[in-house]
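Working notes for the structure below.
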Amino acid sequence: MPPAADPDLQPEVLHDTVLGWYADHARDLAWRRPGASAWGVVVSEFMLQQTPVARVLPVWETWMERWPTPADLAAEPSGEAVRAWGRLGYPRRALRLHAAATAVVEEHGGAVPSSYAELIALPGVGDYTAAAVASFAFGQRHVVLDTNVRRVHARVLGGVEFPAAAPTRAERDRAAALLPDDEAEAATWAVAVMELGALVCTARAPACERCPVADLCRWRAAGYPAYDGPPRKVQDYAGTDRQCRGRLLAVLRDSEGPVHRSRLDAAWHLDDQRERCLASLLADGLVVATGPATYALP
DNA sequence: GAGGCGTGGGA
DNA sequence: TTCCCAAGCCT
């Protein structure tokens, strides 16, 4: 067998190393257990979009107990999903999950579809979530490109600290080239690389001393060059419409029935901003007007 | 394609 | 305390 151009990055070596590490270090997350349903995986993926695992766990448990199937959720008003979403953040995800459950019932007989094409057609399901569900719930071979995977690839393969702001074609091709040929192995590879990024190759403090592929890592080999790309944008929060919307929605979430406008007025001090945010919540369908001056969850 | 969209916690 | 970031999606 001829020597590879870059023996450090033989795919088989990376596969074996990462898969071996995953076998020993994978977290025992509820949605990964053998008995977990495809619906359970879908629910977890919606909740995990931009929200840490630790905060998702308890909500996922109560959610799945209350709505063990898509039909169970679809049978309730979407407002119940928003209420049960609690403080996970980005509550439009709750609305989309409810809409996805409805679509599963109406278009797929109540069973979560298994193909990428059908999955990505569901509300709130983008490229990542479609690939993740097809891979994790159905064992298929897909490029699963989330923030963890992108960071691991940027470092180990690209030799840089962070990936570009948005996935590039080159990144996608690189990930595809590295995907194991075997379907089952590819599915495990996808979750294993994600887990490595989540537990070891983290954004702020990578634990290279615990990393199974440290010896293969180009970023490490290059001496950990500092990030020199465009500024990575951090979102402001205090005083933004997002915070205002959150305050308003919290009032409705914590109330049994419709609330009077005065309750919302007390939740935010700036009149113009409060009105604008209430209007946007109504437009999003997160809030409905139940009377001349009363509002409720849908 | 850039910007909007929640919330909480660790460093 | 402040800053950064956490399994994205949609317009």
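Predicted model only: the values in this text are computed from it and were never measured. Note on naming: letters A, B, ... go to the chains in the order of the sequence lines (proteins, then strands), and numbering restarts at 1 for each one.
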Counterpart residues, salt bridge (charged side-chain N to carboxylate O under 4.0 Å, His left out), relative to Asp24(A) (two or more places apart):
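Salt bridge (charged side-chain N to carboxylate O under 4.0 Å, His left out) list for Asp24(A), sorted by chain: empty.
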Listed partners of Asp254(A) passing salt bridge (charged side-chain N to carboxylate O under 4.0 Å, His left out), at least two apart:
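Counting only residues at least two positions away or on another chain, Asp254(A) forms no salt bridge (charged side-chain N to carboxylate O under 4.0 Å, His left out).
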Between Glu45(A) and Val125(A), which residue's closest nucleotide on DNA chain C lies nearer the 5′ terminus?
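The residue mapped nearer the 5' terminus is Glu45(A).
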If you measure from the [atom1] atom in [N] to the same atom in [M], how many Å do you get, rounded?
{"N": "dG1(B)", "M": "dG8(C)", "atom1": "C1'", "answer": "15 Å"}
{"N": "dA7(C)", "M": "dG3(B)", "atom1": "P", "answer": "23 Å"}
{"N": "dG8(B)", "M": "dT1(C)", "atom1": "P", "answer": "16 Å"}

Interface residues of residues 144-151 of chain A with DNA chain C (non-hydrogen, below 4.0 angstrom):
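Under 4.0 Å from DNA chain C: Asp146(A), Thr147(A), Asn148(A), Arg151(A).
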Any residue of residues 29-43 of chain A with a heavy atom less than 4.0 Å from an atom of DNA chain C:
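Residues of residues 29-43 of chain A under 4.0 Å from DNA chain C: Leu29(A), Trp31(A), Arg32(A).
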Identify whether any heavy atom of [X] sits under 4.0 Å from a base atom; if not, whether one sits that close to sugar-phosphate; answer base, sugar-phosphate or nothing.
{"X": "Val53(A)", "value": "base"}
{"X": "Thr202(A)", "value": "nothing"}
{"X": "Asp127(A)", "value": "sugar-phosphate"}
{"X": "Ala203(A)", "value": "sugar-phosphate"}

What's the [atom1]-[atom2] distance between [X] and [N], to the nearest Å?
{"X": "His153(A)", "N": "dA7(C)", "atom1": "NE2", "atom2": "P", "result": "14 Å"}
{"X": "Leu95(A)", "N": "dC9(C)", "atom1": "CG", "atom2": "P", "result": "17 Å"}
{"X": "Gln273(A)", "N": "dG4(B)", "atom1": "CD", "atom2": "C1'", "result": "14 Å"}
{"X": "Leu48(A)", "N": "dC5(C)", "atom1": "CG", "atom2": "C1'", "result": "15 Å"}
{"X": "Leu97(A)", "N": "dG8(C)", "atom1": "CG", "atom2": "C1'", "result": "14 Å"}
{"X": "Leu122(A)", "N": "dC9(C)", "atom1": "CG", "atom2": "P", "result": "12 Å"}
{"X": "Arg169(A)", "N": "dG1(B)", "atom1": "CZ", "atom2": "P", "result": "14 Å"}

OH on Tyr22(A) to CG on Leu196(A), rounded to 0.5 Å
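Between Leu196(A) CG and Tyr22(A) OH, I get 11.5 Å after rounding to 0.5 Å.
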Kindly list each side-chain donor-acceptor pair under 3.5 angstrom involving residues 34-44 of chain A, sequence neighbours excluded, with atom names and distances?
{"residue": "Ser37(A)", "atom": "OG", "partner": "Gly40(A)", "partner atom": "N", "Å": "3.0"}
{"residue": "Trp39(A)", "atom": "NE1", "partner": "Trp67(A)", "partner atom": "O", "Å": "2.9"}
{"residue": "Ser44(A)", "atom": "OG", "partner": "Val41(A)", "partner atom": "O", "Å": "2.7"}

Does either side chain, that of [X] or that of [Y], offer a donor lying less than 3.5 Å from an acceptor on the other one?
{"X": "Ser255(A)", "Y": "Arg263(A)", "answer": "yes"}
{"X": "Gln235(A)", "Y": "Arg242(A)", "answer": "yes"}
{"X": "Thr69(A)", "Y": "Asp72(A)", "answer": "yes"}
{"X": "Glu161(A)", "Y": "Trp219(A)", "answer": "no"}

Looking at Pro206(A), Cys217(A), Cys208(A), which one forms a side chain to side chain contact (heavy atoms under 4.5 Å, CB included) with Tyr224(A)?
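The option that passes is Cys208(A).
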Using 4.0 Å as the upper bound for N to carboxylate O, is an ion pair formed by Glu171(A) and Arg174(A)?
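Here Arg174(A) does not pair with Glu171(A) in a salt bridge, since their nearest N and O are not under 4.0 Å apart.
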Judged by atom type as modelled, is there a donor-acceptor pair below 3.5 Å linking the side chain of Glu45(A) to the main-chain atoms of Tyr128(A)?
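Judged by distance alone, no pair lies under 3.5 Å.
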Grab the two heavy atoms, one from Met194(A) and one from Asp146(A), that are nearest each other, plus how far apart they are.
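Answer, listing the atom of Met194(A) first, then Asp146(A): CG-OD1, 3.4 Å.
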For nucleotides 6-11 of chain B, give me one character per nucleotide, 5' to 3': B if any protein heavy atom sits under 4.0 Å from the base, S if the only such contacts are to the sugar-phosphate, - if neither.
BBSBB-
